[in-house]
Amino acid sequence: MSLLAGQLRNAGHVVDIVDLNLEFIEHVLTSQSAGLTYEKIRLEEEFLRKEVKLRQAVNDVSDDFTSACEKLSFLQEHGSTWQDWQSTYIEQWGEAPNKLRDAKCFFEPHEFVSSYLAISRALNFFSAPFFPNHVAWNFFSHPKTPLNIEPMVEFCSSAESNPFFEFYEECLPNVLHMNSDLIAISIGAFSQVLPGLTLAMMLKKARTQQPNPLSGKKWHLTIGGNFFTRLKSSLESQPNFFQAFTDTLTIGEGEQSIVALAETLSDQSLNKTLEAVPSLLFLDEKEDRVMSTPDAPQKSMNSMAFQDLAGFNLERYHAPEPVICLRATKGCYWGHCTFCDSYYGLREDTMAIERLIAEMTYLNKEYGVSQFEFVDQCLEPHFLLEMSEAIIKANLKVQWFCNGLTESRFNKEVFVKMKEAGATMIMWGIESGSPRLLKLMRKGVNPKRRLSILKDASDAGLWNFAYLFFGFPSETSTEAMQTIDLVIENRDIIHSYGKSIFSLGKHSPLMADPKRYGILKLIENRQDFSSELTYEVSSGLQGEELSRISQQCAQMCQQAYANPLWMALRTRESLHLYLARRGRDYVGKYKFSEDSTIKDLEFVF
């Protein structure tokens, strides 16, 4: 959002920023919200008992009956726990954000863990009346709402099943009071789709009753974000999506589209129409069909305005100081990994070192930002060396971390210079311990050589984080154990890890020849707005066996690392802050006792 705000303000537009993610968490943590939630749980359990009893009397075997039984069982199973939480922990929930903002509490491990657990418990408690839907601090799951237009509209309209509905009703007047001509909603990830569309639907309905009181015009609603870029072909055949949720949808990188859209809407004397806005989808109401405009021409990263943090209340976020995201490149310089489509929709570009240092300097001086996270897919060794030298030359007192590929051009000189320039950590795409799978993945790394690269980075004082995943097509249980063994046997140079389960993206390179990877059948995707595919393989880990090996990894590594501090820090940003403040040795050596609450936590990246 800050990058788009920078482009709009640079073009002369007035921009207001609202971070509803933060607002929502703080809403959940209030004692008023907890009291209402407890009452909802009590009433819901009472209603379900009666409903289940009536349905049993008539031998109901419908899906609705099954769902009612599952929800009642869930509420009864956890009832005593929630009663205890409601009477004991509510005050702690409200204090958790303040503790995380306070450096003394944040950097004391037990205070940190207790505060994060308080937030997790509050969200679990808040989610209970909406079972099986569940809100976590970093994810929203909705197992019974497929991403098709009718169930999406139903969910977004339902106060009973939608955890965000009442919150949005409360904050809607404040959003409308801004008197904007253009309201833009950013939806960047799968878990944000239904929450974001709920807000969009409410805004669209409210507009019929409340135009902009200053201009008298009907304000415009647009949605953007990388998630929808992956679904362009589906969206082009879904006029109902635009009727329900938005006027327009920006596709691709968005920086040029949002400025062109704002200019078109703000100055009607230019006689521009939506057809003049690049990379845009919108509904032609007369033809009842979705229109698509040509892609915006590529604009160099060097010519972009700096990201603008004005309007973000940085002191309110749940850390003693903010970690700000930066992007030095677009696309992926390697770009061959068969499993990856995370850079889909991005056109390759690299920012000049001078331009990057200028933005870091601006953010440091204007907003006091000294902590940065580079969100590039991976940065090349020579770029990291030049960037580090430039940071040192500019005397920038900053600390940062980035992603990397364990390729042969990394050496001790690069790592030593990175450390001197304030780097704390490199997050490496290790993926697997199997040489066969690495070859199938086209990682372009030497399985043995990469360990010496990790050792060089460690010797320079950097923290090595390993991305792992299980379930690549044809992976065997033996190969999965190779990955687990790789981590455990190299704990001295693999300081921490994060794991995930493979998912088949629609735009991943292996889709060009799925049979080569053992994918026998692509099952027809019944979710129009899902960016992933379901498939069957000829061999390899699947289903329960795959879940079991993933759990086994967590258990074995937690034991091998002996309940480490890093596992309780939850996120890469918190880990970075601890490394920056406490140092690598402190983070690496700190262990929790076996009976600690660390057993309930796992690092999420």
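If you read the sequence from its start, that first residue is 1, and numbering goes on from there.
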Salt bridge flag under 4.0 Å for residues E431 and R450 | no
Given the rule in the side chain to side chain contact (heavy atoms under 4.5 Å, CB included) test, do L235 and F529 qualify, once you have shown the distances and angles that lead to the verdict?
-> CA-CA 8 Å; L235 289 160; F529 299 101; 3.4 Å; yes
With no hydrogens and no angle check, is any side-chain donor or acceptor of S115 less than 3.5 Å from a backbone partner on L100?
-> no
Test I494 against Y561 for side chain to side chain contact (heavy atoms under 4.5 Å, CB included), laying out the working first.
-> CA-CA 11 Å; I494 298 178; Y561 282 94; 3.9 Å; yes
Decide yes or no on ring pair (Phe, Tyr, Trp, His ring centres under 6.0 Å) for H78 and F125, but give the supporting numbers first.
-> CA-CA 10 Å; H78 295 87; F125 183 66; over 10 Å; no
When the ring planes of F465 and Y467 are compared, do they come out parallel, tilted or perpendicular, using 30° and 60° as the limits?
-> perpendicular
Q559, CD: over 12 other non-hydrogen atoms inside 6.0 angstrom | no
Look at R327 together with E253 and state whether they make a salt bridge at an N to O cut-off of under 4.0 Å.
-> no
One should read off an interatomic distance between L579 CG and W566 CH2, to the nearest 0.5 angstrom, of 12.0 Å
Derivation of the side-chain hydrogen bond (donor to acceptor under 3.5 Å, both in side chains) call for N464 and S458 | CA-CA 7 Å; N464 289 322; S458 180; 4.9 Å; no
For the pair F112 and F106, name the ring-plane relationship: parallel under 30°, tilted 30 to 60°, perpendicular over 60°.
-> perpendicular
Can you find a pair of side-chain heavy atoms, one from F470 and one from F472, that are under 4.5 Å apart?
-> no
Distance in Å, Y578 OH paired with W463 CH2, rounded so as to fall on 0.5 Å steps = 12.5 Å
Taking atom OH of Y590 and atom CZ of R582, what is their separation to the nearest 0.5 Å?
-> 8.5 Å
Let me see the working for C378 and Y333 under side chain to side chain contact (heavy atoms under 4.5 Å, CB included), right down to the final yes or no.
-> CA-CA 7 Å; C378 50; Y333 80 86; 3.5 Å; yes
Centroid separation F126 to F24 less than 6.0 Å = yes
